[in-house]
Each structure stands twice: as structure tokens, then as C-alpha cells.
Amino acid sequence: MDRRTTSVEMTDDRTGQRIVPETTRRADRHADRLSGTRYGNRPTMKDVAARAGVGLKTVSRVVNGEPGVTPDTERRVQEAIDALGFRRNDSARVLRKGRTASIGLVLEDLADPFYGPLSRAVEEVARAHGALLINGSSAEDPEREQELALALCARRVDGLVVIPAGDDHRYLEPEIRAGVATVFVDRPAGKIDADVVLSDNYGGARDGVSHLIAHGHRRIGFIGDMPRIHTAAERLRGYRAAMEDAGIPVEGQWMSLGATDPVRVRRAAEDMLSGPTPVTAIFAGNNRVTVTVIRVLAEQSRPVALVGFDDIELADLLQPGVTVVAQDAAALGRTAAERLFRQLDGSLVAPERIELPTRLITRGSGELPPAG
């Protein structure tokens, strides 16, 4: 007698759910095993060989595109592969070669639009090299960055592209010595020598502030990110240099660095725009600062010039359009990833610092003259 026919199915009066006794489930699983369908277990090359009636080596030749198989045999093997849903175990194959064909990308914030094209560029380079990209966010937390980077290393990625949150990367030295290729991007590594790909933050900020000065501004505010962050410090340095070049003394209340949350940035902008001698222009240190400053300036009764570092979506559709110092985020990611794979190929020796140029895009907000 078939044991599956002796069990009784019931229905829960309250929920209407069908209840199948465990004896029935066990019998069903037994039947599945007999039929070759195995929940939770991938079909293997042995399964394919058994179904096609060929040897394991023949299946291996078909799967890996090797010669020595007749068309009829190849057809039978392929039909078995399709029927079973077999997929080649690339992990095992690449491990035999000493590579996992994967790289890790540690970002600052996955939600930041700046990192979208950067991540996509890294992924495209990885794909061109037959590698998988695994990424995660440090949320600007040095401890989380370290935890994430080491977790990726524990999964045997071949290399890491890191946008650092911290300023001490000696924790990666054992991994680098073990052969994990490592490139830092957007910010340099701390306390180790490593490849880094940067934008010209200093030069870009200097150009943006000089542009405001050329349009008649002398009271120019700077609102930036946390001062410990390399990009924020370099952009502040560019601001100071432009003001010094023009012989303009910088007053303390014209500068504000800190978290880029809207509340803090709004307060900084409003402080700069108030008092007897308010600023007539603002240089915003990154895209998040720029967005908040735009909202503040929309509430002002007088026009205030604005130049932002980083381009923002719809900047050209605002009135006036937003003048920005644009980085090429995709070029940063692409250059870093290409550098990483050159390390993996063994064609690089000493770490290098690569600095990509920025571009001033004039749209109207940075060309407004001082009010009054």
C-alpha cells in the first residue's frame, strides 16, 4: 500500500490553511528523492552524467567547452543539463586557480548619488575581467569600514576598492601581504602605502571660489563636511587659497565644517546670511550641502550666488541653474578598478597617487553679482 494515501489532510477552521501531516511530507520527500528532484541540493555533474548515460569526464568536456565529444553525445549532455537545471560551480573552478573571481567595494553611503556612477564603473570593469562585484556601505563609520573590508577578505575576494571612512588602514596590511589587491578611491589610505585615485579637490575648490571672486564677491561663505575627511579638508584649503590669492581676509563666521545633515547645514547658511555684513556668495563643499543651501537661498529676499562641489540632479533646470565644480565619479571608479586588475595581473610594482581633474560648469547661480 502507498503510505501517502493513508494520511489525512485537515483544514484549520480559523485560518482556512491546509494542514498536511508530517508523515505525508516525509513520504513526499522520499518520492522526490526517487524522482531525482532534491530540494536544497544543486544537481551535480554526476547527476548530469547519469541522466545522459555518459561518463563524468564527458560532461566536464561539454561544460567547459573542450573538444573530443561527438555532436550526438554533446546534445544528450546538454539536454540533461537543461532538464536538471545544472549550473557549473565556478567557485570551485576558480579556487583551483587560486582566484575567486570576485572583488569587494567598500562605499561610504550607498544612498549618495555620487557613488552610483562610481560603483557602476567598478562593476563594468570587473565584469570585463570576468569577476563579480560585492559592495557594502561603511556609513562613514571607521569600525564598520574595517568590519566590512575584513569580512570581504574572509570571503576570499581577489581585491578591494575602498572609499575610506577611517584614517588608519594598518588592519589591511596582513591581507595585502597575503595577495589581496587594494586600491583606495576618493580619499587616501591612512598609515599605509597603497594605490589611491582622487579628484583634484583642492584645485577644484580653488577654481570655484576664484570664479565667485571674479564676479565681484568678497564675502564668500564655505560650508563643508567633517574636517577629518580628506575631501572636506582639501576643499577648505582650496577655498582659503583662492581668498588669499585675491587678498581677501577670511572671517571665522564665513566657514562652517561638520555633519552634512540638513539641520546643521541650514543653521550654518542662515548664520552666514544674517547680521550686518552677510555673505553675498556661498561655496558648498559637496552635493548634500548644495541641496540644503539651495532650499535656504530660495527663502531669501535677495539673490545670493552659489557654487557647489559635485554636480546634482536637475541642477540645470533650476532658476538660476546651479554652477558646480564637477567630479567625474565614473572615471574615479573606472581608474581605480583598472588599477586593481593591473595589480592582480602583476604589472604594477609601487603604489601610486592618481589625481583626476575637476570641471567648472557655469549655469547661472555662480555668476550672480553681489546684491546691493
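Numbers here simply count residues along the sequence, with the first being 1.
In plain terms, the two heavy atoms of A315 and R363 that are nearest each other are CB-NH1, 3.3 Å. Of all heavy-atom pairs between A284 and V289, the closest is CB-CG1, 3.7 Å.
Counting non-hydrogen atoms of neighbouring residues, nucleotides and ligands closer than 6.0 angstrom, the CD atom of E313 reaches no more than 12 such neighbours. Shown here is R155, whose CZ atom has no more than 12 heavy atoms of other residues, nucleotides or ligands within 6.0 Å. For CZ of R127, the number of neighbouring non-hydrogen atoms (other residues, nucleotides, ligands) closer than 6.0 Å is 12 at most. Annotation for D316: atom CG counts as buried by contact number, over 12 foreign heavy atoms lying within 6.0 Å. Atom CZ of R237 sits in a crowded spot, with more than 12 heavy atoms from other residues, nucleotides or ligands closer than 6.0 Å. By the 6.0 Å contact criterion, CG on D141 is enclosed, its count of non-hydrogen atoms from other residues, nucleotides or ligands being greater than 12.
Contact check on R51 versus D47 returns no salt bridge, with no Lys/Arg side-chain nitrogen under 4.0 Å from an Asp/Glu carboxylate oxygen. R120 and E124 are joined by a salt bridge, as a carboxylate oxygen and a charged side-chain nitrogen come within less than 4.0 angstrom of each other. A salt bridge is absent between R342 and E338; no separation between the charged side-chain nitrogens and carboxylate oxygens falls under 4.0 Å. The residues E244 and R240 are annotated as not salt-bridged, no charged nitrogen and carboxylate oxygen being separated by less than 4.0 angstrom. In summary, D311 and R359 do not engage in a salt bridge, as defined by a charged side-chain N under 4.0 Å from a carboxylate O.
The distance from the CZ atom of R334 to the CG atom of L356 is 9.0 Å, given to the nearest 0.5 Å. The CD1 atom of I229 sits 7.5 Å away from atom OG1 of T260, with the distance rounded to the nearest 0.5 Å. Between the CE atom of M255 and the CG atom of L236 there is a distance of 6.5 Å, given to the nearest 0.5 Å. Between H129 atom NE2 and I103 atom CD1 the span is 9.5 Å, to the nearest 0.5 Å.
Under a hydrophobic-cluster definition in which Ile, Leu, Val, Met, Phe, Trp and Tyr are linked whenever side-chain heavy atoms come within less than 4.5 Å, directly or via other members, L148 and L107 are assigned to different clusters.
With a 4.5 Å cut-off on side-chain heavy atoms, D245 and I213 do not count as touching. Residues D207 and H211 are not in side-chain contact: their nearest non-hydrogen atoms beyond the backbone lie 4.5 Å or more apart. Using a 4.5 Å heavy-atom cutoff, the side chains of E175 and L160 are not in contact. With contacts defined as side-chain heavy-atom distances shorter than 4.5 Å, the pair F114/L332 qualifies. Residues F184 and H169 have side chains in contact (heavy-atom distance under 4.5 Å, counting atoms from C-beta outward). Between L198 and H230, the closest side-chain pair of non-hydrogen atoms falls below 4.5 Å. For the pair I192 and I176, the minimum side-chain heavy-atom distance is below 4.5 Å. Looking at heavy atoms from C-beta onward, F222 lies out of side-chain contact with V250 at the 4.5 angstrom threshold.
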What do the steps show when you test T231 against F309 for side-chain contact (heavy atoms from CB on, under 4.5 Å), and what is the final call?
CA-CA 10 Å; T231 51; F309 204 109; over 6 Å; no
Give the intermediate values and the outcome of side-chain contact (heavy atoms from CB on, under 4.5 Å) for residues E74 and V77.
CA-CA 5 Å; E74 183 178 358; V77 171; 5.8 Å; no
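Looking only at distances, a side-chain donor or acceptor of S137 sits under 3.5 Å from a matching main-chain atom of E108.
Of the listed residues (V162, L340, V196), just one forms a side chain to side chain contact (heavy atoms under 4.5 Å, CB included) with V183, and that residue is L340. For the pairing with Q343, the side chain to side chain donor-acceptor pair (under 3.5 Å) check across T182, D158, D195 returns one residue only, D195. If you run side chain to side chain contact (heavy atoms under 4.5 Å, CB included) between M272 and each of V293, V296, V279, only V279 comes through.
Ring centroid separation for the pair F283 and Y239 does not come in under the 6.0 Å cut-off.
Neither side chain, R267 nor S256, offers a donor N or O lying under 3.5 Å from an acceptor on the other. For the 3.5 Å distance criterion, the side chains of Y171 and E145 qualify, holding a donor opposite an acceptor. Under 3.5 Å, the side chains of E367 and T362 contain no donor-acceptor pair of N or O atoms.
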